[in-house]
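Here is the structure we will look at, set down as structure tokens.
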Amino acid sequence: MICSPSFLSSDFSKLESEIKSISNAKWLHFDVMDGKFVDNKTYNHKMLKKIKKYSNQIFDCHLMIENPEKFYEDYAKNGANIITFHIEATKNVHQLIEKIKKLDVKVGISIKPDTKVETLKPYLKDLDLILIMSVEPGKGGQSFMPSSLDKIAYLNSERKLNKYDYLIEVDGGINLENAKRVKDVGCDIIVVGSFIFNNKNRKAIIEELENV
Ligand code: DX5
Ligand code: ZN
């Protein structure tokens, strides 16, 4: 499995060394929060520009923001390789998918725990990635919600049935125990924040997570 570390739980006062401490991860997860779609406010596209100076990882941008159609270009311009927006945050989903693709950036949709996975059905054929939230979006360090397992299994069977090629990513409360559970039902990418950043040997933890 691919591990996409979320540095939301890192020490922002020494960001360069924090990012270097997870340099063996091929992906890097940006948790963008605007204080409107979720109560918390973190950072915007300027964080991508800053980190681009010392990382050549795949920039996996999770936009927990209202009206992503207004801001997606800022992320594309500042180095996003994947832009994932929340289906609950916009009315023109098809349009936004096409607009992001036109910028030669991979496009993903994320759903909150209370959103039914079937709401994604009309978009599955067009997506590069689906991000299943296994915690309520807004902060790191929460506990994994097992209800996400059925959503991953559903997406995995839809993918097989229709020969879709989207990646399935899960985000929130992931550790070694539940990384195996999500992999067994078809997950490809795990977003991991506090389980990595609370550990002193982060590179070893990433290795272990990728080989569950
Ligand atoms: C929550 C974020 C998650 C979270 C992951 O809104 O989207 O990426 O920070 O962190 P942990 O692994 O600590 O739940
Ligand atoms: Zn996230």
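Contact check for Lys26 versus Gln57: no side-chain heavy atoms found under the 4.5 Å cut-off. When side chains are defined from C-beta on, His62 counts as touching Met133, because their heavy atoms get closer than 4.5 Å. Under the 4.5 Å side-chain criterion, counting only non-hydrogen atoms from C-beta, Met33 is not in contact with Lys41. Residues Ser6 and Val192 are not in side-chain contact: their nearest non-hydrogen atoms beyond the backbone lie 4.5 Å or more apart. Leu15 places a side-chain heavy atom less than 4.5 Å from the side chain of Lys50. Using a 4.5 Å cut-off on side-chain heavy atoms (C-beta onward), Asp31 and Met64 make contact. Residues Lys101 and Asp128 are in side-chain contact: their nearest non-hydrogen atoms beyond the backbone lie under 4.5 Å apart. A heavy-atom distance below 4.5 Å is found between the side chains of Cys3 and Ile196.
Considering all non-hydrogen atoms of both residues, Leu124 and Tyr166 come closest at O-CD2, 3.5 Å. Nearest approach of Val170 to Ser134, heavy atoms of both residues: CG2-OG, 3.5 Å. Considering every non-hydrogen atom in both Asp171 and His29, the closest pair reads OD2-NE2, 3.2 Å. Looking at every heavy atom in both residues, Pro122 comes nearest to Asp126 through O-OD2, 4.4 Å. Shown here for Ile168 and Gly186, the closest heavy-atom pair between the two residues is CD1-O, 3.7 Å. Residues Gly79 and Leu48 come closest through the heavy atom pair C-CD2, 4.1 Å.
A cation-pi arrangement is found for Lys52 relative to Phe59, the charged atom lying closer than 6.0 Å to the ring centre and inside a 45° cone about the ring normal.
A salt bridge between Lys20 and Glu16 is present, with a side-chain N of the basic residue lying under 4.0 Å from a carboxylate O of the acidic one. A salt bridge links Arg181 to Glu177: one of the charged nitrogens lies within less than 4.0 Å of a carboxylate oxygen. Between Lys99 and Glu73 no salt bridge is recorded (no basic side-chain N to carboxylate O distance below 4.0 Å). Of the charged side-chain nitrogens involved, at least one lies within less than 4.0 Å of a carboxylate oxygen, so that Arg159 and Asp188 count as a salt-bridged pair. In this structure, Glu69 does not pair ionically with Lys91, as no charged nitrogen and carboxylate oxygen lie closer than 4.0 Å.
Distance check: Cys187 SG to Leu155 CG gives 10.0 Å after rounding to the nearest 0.5 Å. Atom CZ in Phe197 sits 12.0 Å away from atom CD1 in Ile205 (nearest 0.5 Å). Between the CG atom in Asn199 and the CD atom in Glu208 there is a gap of 8.5 Å [rounded to 0.5 Å]. Atoms CD1 and CE, on Ile132 and Met145 in that order, are 12.0 Å from each other to the nearest 0.5 Å. Within the model, atoms CG of Asn44 and CZ of Phe71 stand 9.5 Å from one another, a figure rounded to the nearest 0.5 Å. Here Glu169 contributes atom CD and Ile174 contributes atom CD1; the two are 10.0 Å apart, rounded to the nearest 0.5 Å.
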Which pairs would a plain distance check flag for residues 108-117, meaning a side-chain donor or acceptor within less than 3.5 Å of a matching protein atom at least two apart in sequence or in another chain?
| unit_1 | atom_1 | unit_2 | atom_2 | d |
| --- | --- | --- | --- | --- |
| Ser110 | OG | His86 | NE2 | 3.3 |
| Ser110 | OG | Leu131 | O | 3.0 |
| Thr115 | OG1 | Glu88 | OE2 | 2.6 |

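Ring geometry for Tyr75 versus His45: interplanar angle over 60°, hence perpendicular rather than tilted (30 to 60°). Between Phe30 and Tyr43, the angle of the ring planes goes over 60°, which puts this pair in the perpendicular group of the 30/60° scheme.
Glu18 places a side-chain N or O within 3.5 Å of a backbone atom of Asp11 that can act as its donor or acceptor partner.
Thr42 and Asn40 are not linked by any side-chain donor-acceptor pair at a separation below 3.5 angstrom, with hydrogens and angles left out of the test.
Side-chain heavy atoms closer than 4.5 Å link hydrophobic residues (I, L, V, M, F, W, Y) into clusters, and following such links, possibly through other members, connects Ile19 to Met47.
When each of Leu103, Leu96, Val105 is checked for a side-chain contact (heavy atoms from CB on, under 4.5 Å) with Ile83, only Val105 meets the rule.
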